[in-house]
Amino acid sequence: MNRNKIASLLASINPIDFVCISGWVRTRRDAKTFSFMEINDGSCRSNIQVIADDTLKNYEAVKKLSTGSAVTVFGVLRESPGKGQRWEIEASAIEIHGLAPDSFPLQKKRHSDEFLREICHLRPRTNKYGAVFRIRSALSSAVHQFFKDHGFFYIHTPILTGSDCEGAGQLFRVTSMDMENLPKISGETDYQFDFFKKPAFLTVSGQLEAEMLALALGDVYTFGPTFRAENSNTSRHMAEFWMVEPEMAFCDLDQNMAHAESFIRYLVNRALTHCADDLELFSAYVDKTLLTTLNKIASSNFIRLTYTEAIDILKNSNKIFQYDIDWGSDLQTEHERYLCEDHFNGPLIIYNYPASIKPFYMRVNDDEKTVGAMDVIVPRIGEIIGGSRREDRFDVLSERMAEAGLKQDDYWWYLESRRYGSVPHSGYGLGFDRLIMLITGITNIRDVIPFPRTPGNIEF
RNA sequence: UCCUCGGUAGCUCAAUGGCAGAGCGGGUGGCUGUUAACCACUAGGUUGCAAGUUCAAAUCUUGCCCGGGGAGCCA
């Protein structure tokens with residue numbers, strides 16, 4: 001018989017004569033002639049209560065079942081006479097798969113996130129982490145649904161790259177050469193012996209390749225892993241993270257910002273409507289203001305202001321910042337937080353940044369001082385989206401590349417897209433892990449992905 | 001990488017130079033349609049590692065390792 005998922009049994013309207021569940025024992029309590037067990041199979045937050053009485057053939061073994069043990073239970077789904085749950089299963093047979101000895105580190109009581117991070121292989125079995133990873137799955141589906149509804153095509157851009165795409169951060173090197181015995185030519189590593197016959201890296205963004213597809217299919221997006229070899233030790237950076245990158249042809253900066261805003265609103269709404277039960281855990285135990293925050297994001301327009309306006313507000317704020325504010329310098333975390341959390345108290349989009357602090361591919365505005373860049377800032381997380389209108393003029397783009405010290409030979413194909421039928425186009429990157437932080441209220445990015453990769457940490 | 005706080009039982013923490021403790025978890029027994037069950041008893045320690053100061057160090061000093069928070073780099 002196929003097993004029933006606990007989620008569907010708990011949603012049942014009527015009793016069911018014969019059911020079968022498989023899962024892990026969360027807790028067990030003994031009564032005089034029977035035992036209460038709570039089983040969780042990961043299909044939902046709730047456990048189901050099982051009544052195992054002493055007529056079971058293996059009752060002595062059942063009485064020894066400890067937290068973490070795996071079982072299959074056959075029995076009747078009936079209304080529970082006890083308080084606290086509507087349904088329970090009266091077991092007719094219990095099959096024991098694997099016991100969890102008393103060294104099983106998860107207790108019924110709450111554990112610290114720091115401790116659970118040391119046992120990433122077991123933490124999905126807790127209520128909180130089970131909920132995070134169900135939400136992560138639901139929102140991954142929501143990403144695809146949103147783009148499907150808007151006529152986008154899902155494309156796959158390479159993970160391995162031969163060029164330092166946008167000069168964004170340190171790259172991980174990829175090689176098939178023997179690191180202990182590198183072939184040398186006049187003192188330098190001879191890449192002729194490497195797999196690609198030239199240096200190779202893990203991608204820091206699929207944007208440049210995504211642009212090529214946008215200039216053919218119209219509206220496209222990528223959703224995949226991204227790698228940065230930065231020595232970042234913060235609660236919002238990882239060496240391996242997931243990014244959603246839409247790229248849209250015939251799209252200006254205003255349309256780009258409107259798109260980013262509706263995308264975030266859609267995802268927040270999806271979480272509110274599709275993950276209500278799991279979200280309740282986070283609003284109860286992680287962040288009491290979570291639902292207020294999410295409802296506000298879902299219902300109100302994002303504030304839009306230019307970089308220049310942002311600088312003016314900061315200068316007139318009479319607040320003392322650790323870093324000085326001057327037109328031309330990048331906004332620091334403290335500045336973004338002040339604007340987002342104190343001054344406007346809500347999500348905001350800052351656009352038209354100085355060209356000098358932004359990458360070569362962003363389109364230079366008519367003032368020739370700023371570029372069509374935009375960052376979406378949300379409370380508590382900071383930057384969740386970074387995007388821009390792309391420079392579509394061949395001459396300007398080559399000039400900007402030269403200024404950035406990039407070799408045009410390495411980007412010949414990128415430049416050719418501006419030579420043949422170039423069009424206005426825009427796109428952005430959304431940090432998917434940061435989105436999960438926003439939606440769950442979790443404050444450390446290491447806790448929204450099953451197995452986080454950070455400097456000095458690649459266990460599991 | 002920098003600043004800052006911390007590391008004591010399986011977990012969460014106390015012990016501020018003088019006998020290393022509690023709650024939870026584990027084990028044993030009892031009780032009960034229970035539900036973070038309850039009651040009793042019980043086991044459990046290289047106080048992160050190394051050196052130093054002292055009659056005496058979990059406690060003070062130095063170095064290292066690991067973790068949290070903040071910052072930079074960024075999504």
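Lettering of chains follows the sequences in order, A, B, ..., and the numbering in each one begins at 1.
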What is the nucleic acid contact for [X], judged by heavy atoms within less than 4.0 Å: base, sugar-phosphate only, or nothing?
| X | result |
| --- | --- |
| L430(A) | nothing |
| N233(A) | base |
| P105(A) | nothing |

Practice problem: Measure the acute angle between the ring planes of F263(A) and Y428(A), then classify it against the limits of 30° and 60° as parallel, tilted or perpendicular. | Solution: tilted
Quiz item: Between Y338(A) and H343(A), how do the two ring planes meet: parallel, tilted or perpendicular, split at 30° and 60°?
Solution: tilted
Could you tell me whether the side chain of [X] has a donor or acceptor atom within less than 3.5 Å of a complementary atom in the base of [N]?
| X | N | value |
| --- | --- | --- |
| T333(A) | rG72(B) | no |
| H111(A) | rC11(B) | no |
| S232(A) | rC73(B) | yes |
| E38(A) | rU34(B) | no |
| E114(A) | rG7(B) | no |

Nearest-Å distance, [atom1] ([X]) to [atom2] ([N])?
| X | N | atom1 | atom2 | value |
| --- | --- | --- | --- | --- |
| R110(A) | rG25(B) | CZ | C1' | 16 Å |
| K358(A) | rC73(B) | NZ | P | 11 Å |
| R28(A) | rU32(B) | CZ | P | 17 Å |
| E336(A) | rC73(B) | CD | P | 10 Å |
| Q85(A) | rA37(B) | CD | C1' | 13 Å |
| E118(A) | rG48(B) | CD | C1' | 12 Å |
| N231(A) | rU1(B) | CG | P | 5 Å |
| D30(A) | rG27(B) | CG | C1' | 14 Å |

Closest approach to the side chain of [X], judged atom by atom: which nucleotide of [options] is it?
| X | options | result |
| --- | --- | --- |
| H237(A) | rU32(B), rC73(B), rA37(B) | rC73(B) |
| Q332(A) | rG10(B), rU32(B), rG72(B) | rG72(B) |
| N457(A) | rC73(B), rG27(B), rG67(B) | rG67(B) |
| R78(A) | rA71(B), rG33(B), rG68(B) | rG33(B) |
| F36(A) | rG10(B), rA37(B), rG33(B) | rG33(B) |
| S80(A) | rU34(B), rU1(B), rG72(B) | rU34(B) |
| R236(A) | rC24(B), rA71(B), rG68(B) | rA71(B) |
| Y323(A) | rG33(B), rA71(B), rG10(B) | rA71(B) |

Distance check, [atom1] atoms only: [N] and [M], in whole angstrom units.
| N | M | atom1 | value |
| --- | --- | --- | --- |
| rU59(B) | rA15(B) | C1' | 9 Å |
| rC5(B) | rC41(B) | C1' | 40 Å |
| rA71(B) | rU34(B) | P | 50 Å |
| rA57(B) | rA50(B) | P | 15 Å |

Quiz item: Are N444(A) and rG69(B) close enough that a side-chain N or O sits under 4.0 Å from OP1 or OP2?
Solution: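 For rG69(B), OP1 or OP2 has a side-chain N or O of N444(A) closer than 4.0 Å.
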Quiz item: Across all strands shown, which nucleotide pairs with rG17(B) by Watson-Crick or G-U wobble geometry, both distances under 3.5 Å?
Solution: none
Exercise. Examine distances only and state if a side-chain atom of W24(A) and a backbone atom of R125(A) form a donor-acceptor pair shorter than 3.5 Å.
Key: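 Pair absent, no side-chain N/O of W24(A) close to backbone of R125(A).
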Practice problem: Could you check Q49(A) against S103(A) and say which one's nearest nucleotide on RNA chain B is further toward the 5' end? | Solution: S103(A)
